[in-house]
Protein chains: 2
Amino acid sequence: MTSDTESLSKARLRVWLKLLKTVNGIEGEIRRNLRDGHRTTLPRFDVMSALARFPDGLKMSDLSSFLKVSNGNVTGIVDKLTEEELVQRVPVPGDKRAQIARLTSKGEAEFETLAGYHEGWIDTLLDTLAMEDLETLSDTLERVLAQGTEKERADA
Amino acid sequence: MTSDTESLSKARLRVWLKLLKTVNGIEGEIRRNLRDGHRTTLPRFDVMSALARFPDGLKMSDLSSFLKVSNGNVTGIVDKLTEEELVQRVPVPGDKRAQIARLTSKGEAEFETLAGYHEGWIDTLLDTLAMEDLETLSDTLERVLAQGTEKERADA
DNA sequence: TCCAGATATTTTAAGCTTAAAATTTCAGCC
DNA sequence: GGCTGAAATTTTAAGCTTAAAATATCTGGA
């Protein structure tokens, strides 16, 4: 391995650690805000956010693949959101195995409120990034994501 | 709010979601690699990585603040690493409350191996980023981190 | 000395997460 | 109809995570 290759590898590692630190910091702040100010959690917010994108609801399995978490995971979160009447399970006509989870009107209202705050928190936390930075960053991330997609294909 | 301000806020939100997707994807890949190929987990790797930076070991509380996780959390992880003789707890002379966690020589060897693989995984996953991209990205993240630091001061 | 508050750590309770097993239902084929 | 394998979901077991309570020890002052 040439010295150039080695330093590139080390530089990537350092940037990865910084990326992780940045994202963990922001995510921690969001979790704190949700918990302390709104008595909820990020996984709950994520589920509601996914359901808000699909007004007709999502099958449990579609919800878990959309969020990239396990089936069992969403079962537990939807259980609790259902207890609080923020989400409801609707039977799928013609398939007794499946259920559709969807926001109740109470859940929609709750999500709209939370989403507003959420956008504000992110806006503050990413305050230092102007449109040009955002575009550059977005392009960079896009390339990394594309590389990940390629790898998935190789694994499959 | 002007339309420009609104679109900036929305753009920040979109970039945040992309950032999260990227980091979660990479982190998931690292977790899979550690689990499937090396019978360990990311939190364990993180603890060993922190201890590897401090050959004389770290007090439990310093370890948790370094990793930015709770005290109780490291207690459990160090317990298990200790059972496997990868880490040992050393009493602190003059303070019976405190303990220093440090890698055993077995732990050091194990970490060196894992760290090599880890650097390779990151190198592959960030394959698409050349030195120039890394520098730009690093600067961008630095600014976001600095903003977070400012906010912490305001909260304190 | 003794005690009150601070410090270091562990324990506890609750929630999130996963992979794997279990359950229920479906779909196609005989 | 009945069977078999697939599909959708839930349950289970194990581990990670946190905040808060509990424990043990230390420190400084009365």
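The basis for the numbers below is simple: all heavy atoms, side chains too, and nothing from hydrogens, waters or symmetry mates. Within every chain, numbering begins at 1; the chains are lettered A, B, ... in the order of the sequence lines, protein sequences first and strands thereafter.
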So side-chain hydrogen bond (donor to acceptor under 3.5 Å, both in side chains) across residues 105-116 of chain A, not counting sequence neighbours, yields none
Here the ring-ring contact (aromatic ring centres under 6.0 Å, His included) pairs for residues 53-105 of chain A, sequence neighbours left out, are A/Phe54-A/Phe66
Note: contacts of residues 73-80 of chain A with DNA chain C (heavy atom, under 4.0 Å) are A/Asn73, A/Ile77, A/Lys80
inquiry  = Quick check against the 3.5 Å criterion: does B/Gln147 have a side-chain atom that pairs as donor or acceptor with the backbone of A/Thr124?
reply    = yes
List the residues meeting salt bridge (charged side-chain N to carboxylate O under 4.0 Å, His left out) with [X], not counting sequence neighbours, and say none if there are none.
X	answer
B/Glu142	A/Lys18
B/Arg12	A/Asp123
B/Glu27	B/Arg31

Atom CG of B/Asn71 and atom C1' of D/dT23 are separated, to the nearest Å, by 14 Å
Sequence neighbours excluded and cut-off under 3.5 Å, please list the side-chain donor-acceptor pairs for residues 35-43 of chain B, or say none.
| from | atom 1 | to | atom 2 | distance (Å) |
| --- | --- | --- | --- | --- |
| B/Thr40 | OG1 | B/Arg44 | NE | 2.8 |
| B/Thr41 | OG1 | B/Arg44 | N | 3.4 |

Between A/Glu119 and B/Ser9: side-chain donor-acceptor atoms closer than 3.5 Å: yes
Notebook entry, point to check: Salt bridge between A/Glu29 and A/Arg32, side-chain N to carboxylate O under 4.0 Å?
Noted result: yes
Atom CD of B/Glu85 with >12 non-hydrogen neighbours under 6.0 angstrom:
no
Within residues 86-103 of chain B, the residues having a heavy atom closer than 4.0 Å to DNA chain D are B/Gly94, B/Asp95, B/Lys96, B/Arg97
Sorted by number, residues from residues 54-64 of chain A placing a heavy atom under 4.0 Å from DNA chain D are A/Lys59, A/Met60, A/Ser61
Nt span of DNA chain C in reach of chain B heavy atoms at under 4.0 Å, 5' end first, is C/dT7 to C/dA19
Contacts of B/Gly72 and A/Asp46 projected onto DNA chain C by closest heavy atom; the upstream (5') one is B/Gly72
**Message:** Go through it in stages, so that I can follow the logic: the residues are A/Leu126 and B/Val144, the test is side chain to side chain contact (heavy atoms under 4.5 Å, CB included), and I'd like the CA-CA distance, side-chain angles, deciding distance and then a yes or no.
**Reply:** CA-CA 6 Å; A/Leu126 297 188; B/Val144 177; 3.9 Å; yes
Hits for ring-ring contact (aromatic ring centres under 6.0 Å, His included) against A/Phe111, two or more places apart or cross-chain, chain-then-number order -> A/Phe45
Between side-chain atoms of residues 87-99 of chain B and protein atoms elsewhere (two or more places apart, or another chain), which donor-acceptor pairs fall under 3.5 Å?
| from | atom 1 | to | atom 2 | distance (Å) |
| --- | --- | --- | --- | --- |
| B/Arg89 | NH1 | B/Asp79 | OD1 | 3.0 |
| B/Arg89 | NH2 | B/Asp79 | OD1 | 2.8 |
| B/Asp95 | OD1 | B/Arg97 | N | 3.0 |
| B/Asp95 | OD1 | B/Arg97 | NE | 3.0 |
| B/Asp95 | OD2 | B/Arg97 | NH2 | 3.0 |

